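See structure below.
Chain A is the first sequence line, chain B the second, and so forth, proteins listed ahead of strands; every chain is numbered from 1. What you see is a predicted model, and the numbers here were worked out from it, not measured in a lab.
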Amino acid sequence: MATLPNGIKHLPGYLDRAAQKHLVDTIRQIVVEAPLYVPAMPGTGKPMSVRMTNCGPLGWVTDKTRGYRYQSTHPVTGKAWPEMPQELLDLWGKLADHVNPPEACLVNFYSDDAKMGLHQDKDENAFDAPVLSISLGNTCLFRVGGFDRKAPTGSFKLSSGDIVLLGGEGRLAFHGVDRIYPDTSTLLKNGGRINLTLRRVNP
DNA sequence: GAGTGTCG
DNA sequence: TGCA
């Protein structure tokens, strides 16, 4: 485990291959119930390069007119998000150091050419709880900065099975994904990367 | 002015 | 990595 200068924790190889495979199977089932959709930027409506879905009581969504928010239903199907799987509740219990369970698990699917610009996770009302991030599939280059957008940034690779905790000082750190490295994992048959982020939304 | 954006 |  490495503690970065800004307080962000990186746990390389936290999940073994079996646990990763099991999670992928779980996510596959979630995607059947709650299909991946293309989120859009507020205002411009510009599509993001990642595809998204969620599980848990709440899900993070965005579209052109209503912007970033959490809601209890899938924006396309209108159905409630699938239940939060037990294995994710267990991981949160082990690593999050927070009394309450996570309410949202955002599932981001990155194709090999997808990116995520530098941003803060600040649509929650519970900054005392960390954001717990799980990487599955191809390696990515992850960039982390500080509390202000202009603070200097640094980058490091995240591999399949790695976990990152954005907590404490690092909870509101700017972060993003610069690039995906194709063919760096055999976990996902069709390439790409899945990132799961567990969040507490309500205080 | 800001950006879960893109470009060089 | 920083700037546009």
Do the numbers put A:Arg171 on top of the ring of A:Phe127, so that NZ or CZ is under 6.0 Å from the six-membered ring centre and no more than 45° off the axis? no
If the cut-off is 4.0 Å, is A:Thr44 near the phosphate of B:dG3, judged by side-chain N/O to OP1 or OP2? no
Side-chain N or O of A:Arg149 closer than 4.0 Å to phosphate OP1/OP2 of B:dA2: no
Mind checking [X] for me? I need base, sugar-phosphate or nothing, with any heavy atom below 4.0 Å counting as a touch.
| X | result |
| --- | --- |
| A:Gly43 | nothing |
| A:Asp123 | base |
| A:Met41 | sugar-phosphate |

Length of the [atom1]-[atom2] vector between [X] and [N], whole Å:
| X | N | atom1 | atom2 | value |
| --- | --- | --- | --- | --- |
| A:Lys150 | B:dG3 | NZ | P | 11 Å |
| A:Lys115 | B:dG5 | NZ | P | 10 Å |
| A:Asp148 | B:dG1 | CG | P | 16 Å |
| A:Arg143 | C:dC3 | CZ | C1' | 13 Å |
| A:Leu118 | B:dA2 | CG | P | 14 Å |
| A:Phe174 | B:dG5 | CZ | C1' | 14 Å |

Opposite nucleotide pairing with C:dC3, Watson-Crick or G-U, both atom distances under 3.5 Å: none
Fit a plane to each ring of A:His175 and A:His119, take the angle between them on a 0 to 90° scale, and name the class: parallel (under 30°), tilted (30 to 60°) or perpendicular (over 60°). tilted
Looking at every non-hydrogen atom in both residues, tell me the closest pair between A:Pro182 and A:Asn138 and how far apart they are. CA-ND2, 3.7 Å
